[in-house]
**Q** 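Next up is a structure, given as C-alpha cells.
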Amino acid sequence: MNEPDDQHADWNARREAATPRGVGVMCRFYADRADNAEIWDLQGRRYIDFAGGIGVLNTGHRHPRIMEAVQAQMARFTHTAYQIVPYTSYVELAEQINARAPGDFRKKTALFTTGAEAVENAVKIARSATRRPAIIAFGSAFHGRTLLGMALTGKVVPYKVGFGPFPADVYHAPYPNALRGITSEDALAGIRALFKTAVDPHSVAAFIIEPVQGEGGFNICPPEFMRALRALCDDYGILLIADEVQTGFGRSGRIFAMEHYAVAPDLIAMAKSLAGGFPLSAVCGRAEIMDAPAPGGLGGTYAGHPLAVAAALEVLQVMDEEDLLSRGRQLGERLAARLRQLAPEVPELADVRALGAMVGAEFNEPGSHAPSPAFARRVQALALESGLLLLTCGAEGNVIRFLFPLTITDALMDEALDILSQALRGQPAL
C-alpha cells in the first residue's frame with residue numbers, strides 16, 4: 001500500500017529535486033485530507049494515524065471546535081506581533097497554563113512557536129535567573145534540532161552528526177533504564193561523577209529532563225529518581241526544567257506528566273499538542289524565575305501567534321469537556337493490554353512501557369538484550385501496508401511509539417489494534 005502510484009511517484013520526484021535530503025520523509029504518499037484519527041492520500045486511500053504529527057494531535061485532526069475557534073480569530077486579525085500590539089487571548093492562555101501547571105507557587109508563562117524554541121528559552125531563563133552557565137541533560141534525550149537543542153540532545157545519529165561544534169557548558173548524565181540495566185542509583189552516580197570530573201555543581205544553572213523520553217524510546221523516569229533529582233537541585237541551587245514538549249497536554253493521562261511525581265519543576269517547556277495542530281509553544285515557571293530576563297530578552301515575531309492561541313484555548317476546553325485525560329488512560333491501558341497479550345507470540349517483544357496514553361513497545365533479538373531495530377522497522381512497514389501509521393524511536397531505533405489521537409473512536413481503535421496484532425505476527429492485516 002505504501003508503494004507510490006504514478007501521481008505520488010511524480011510528486012516524489014519533484015520533492016527530491018526541490019527539497020534537501022536532510023528533511024527525511026517516512027511515507028511515499030501525500031496527504032490530501034484528514035479527520036480525527038484518519039488521513040486520506042491523493043488517491044483516496046485511508047490510513048489510521050498512530051503518529052499524530054509526532055504527538056501534536058491529541059485532540060485529533062481538525063477537531064470541529066478548534067477549527068471554529070481559529071476561523072473566528074481569522075475574522076478578527078491574524079497577526080500583530082504580541083510584543084508590538086498585545087491581545088487578550090495571549091494573557092488568557094498564560095493564565096490557564098499557570099493554573100494547570102504543577103507546583104504550589106506563583107507562575108508566569110511566555111509563549112513561543114516551536115518545541116525547540118521553548119527549550120532554548122527555558123535554558124535562557126534558567127541562566128538569567130541563576131547567573132550560571134552550565135546545563136545538564138540526559139543520555140537518549142531529544143530537545144530539538146537547533147544548535148543548542150542538538151547540544152542538549154543525547155543521540156548522535158541523525159541529529160548531531162556533521163553539525164558541530166555545539167554550544168559549550170552542556171553535559172550529559174545517564175537516564176534510568178531498567179531494561180538496559182541503568183538503575184536510578186546508577187543515574188545518580190553518573191551525576192555525582194560529572195560533579196567530580198567535569199563541572200562544578202555551583203556552576204550548573206539547570207537540569208533538563210523529559211519525564212518520559214520521547215524520541216529516546218518512551219522511557220519513563222522512575223519516581224525515586226525524579227525525587228532525588230529535585231533534592232539534588234535544592235541542595236546546590238540548581239533549577240529543574242521539565243521538557244514536556246511530547247508528554248504534555250494529556251498524553252500521559254494528566255495535562256503534564258510531571259503531575260505523576262511528588263515534586264514540581266521550576267520551569268516547564270511545552271509545545272506539540274498544546275494547540276491541536278497549530279504551531280505554538282510555551283515556557284511556564286516560577287514567577288520570580290520567569291521575570292529574570294529583562295524586557296526584550298524573550299519573544300519572537302510569531303511567538304504566541306493569535307490563531308494558535310485561539311486553538312490552544314479551545315484545546316483546553318475540549319480536553320476538559322470531553323474528559324480526554326480519562327479517555328487517554330483507558331486507551332493506553334487497552335493498547336498495553338493487547339501488546340502484553342501478544343507477547344507469548346512475539347519473542348522479540350522485550351518490554352511494554354505505558355504512562356497513560358504514552359505507550360512504547362521495545363524489541364530485542366529473541367532471548368537476548370541486543371536491540372532489534374530491524375524487527376521494529378518490519379512491524380512498521382507491515383502496519384503501513386495495511387493502513388496504519390506507526391513511528392519508531394529509541395537510541396537504537398528498536399522501539400515503536402504510539403501517538404494516536406485521544407479522540408479516536410472505539411471502532412477505529414479496534415481496527416488499528418487488529419492491524420497491529422497482525423503486523424507483530426509478521427503478517428499484513430486480513
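Just so it is clear, the values below take in all heavy atoms, side chains as well, and ignore hydrogens, waters and symmetry mates. Note that the structure is predicted; figures quoted are calculated from it, not measured.
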**Q** Relative to each other, are the rings of Tyr30 and His8 parallel, tilted or perpendicular (30° and 60° limits)?
**A** parallel

**Q** Mark yes or no for whether Glu117, through its side chain, and Thr113, through its backbone, hold a donor-acceptor pair below 3.5 Å.
**A** yes

**Q** Could you check Ile135 against Arg127 for side chain to side chain contact (heavy atoms under 4.5 Å, CB included), going step by step and ending with a plain yes or no?
**A** CA-CA 9 Å; Ile135 305 292; Arg127 284 174 166 169; 3.9 Å; yes

**Q** Atom CD1 in Ile191, atom CZ in Phe207: separation rounded to 0.5 Å?
**A** 4.5 Å

**Q** Which atoms form the tightest heavy-atom contact between Gly276 and Thr59, and what is the distance?
**A** CA-OG1, 3.7 Å

**Q** Using the benzene-type ring in the case of Trp, are the ring centres of Phe138 and His172 under 6.0 Å apart?
**A** no

**Q** For residues 258-283, pull every pair meeting salt bridge (charged side-chain N to carboxylate O under 4.0 Å, His left out), keeping only residues two or more places apart or in separate chains.
**A** Arg230-Asp266, Asp266-Arg286

**Q** With a 4.0 Å cut-off, would you call Arg28 and Asp41 a salt bridge?
**A** no

**Q** Could you tell me whether Glu362 and Arg180 make a salt bridge, using a distance below 4.0 angstrom between a side-chain N and a carboxylate O?
**A** yes

**Q** Is it possible for you to check whether Arg33 lies under 6.0 Å from the centre of the six-membered ring of Trp40, through NZ or CZ, and within 45° of that ring's axis?
**A** yes

**Q** Taking all atoms of both residues into account, what is the closest heavy-atom pair of Lys124 and Gly297, and its distance?
**A** NZ-O, 3.0 Å

**Q** Just jot down the side chain to side chain donor-acceptor pair (under 3.5 Å) partners of Gln7, sequence neighbours excluded, or say none.
**A** Gln43

**Q** Regarding Arg251 and Glu244, does a basic nitrogen lie under 4.0 Å from an acidic carboxylate oxygen?
**A** no

**Q** Indicate the ring-plane relationship of Tyr175 and Phe225, choosing parallel, tilted or perpendicular according to the 30° and 60° boundaries.
**A** tilted

**Q** For Thr183, enumerate each residue passing the side chain to side chain donor-acceptor pair (under 3.5 Å) test, keeping only those at least two apart in sequence or located in another chain.
**A** Asp186

**Q** Between Arg327 and Glu322, does any side-chain N to carboxylate O distance fall below 4.0 Å?
**A** no

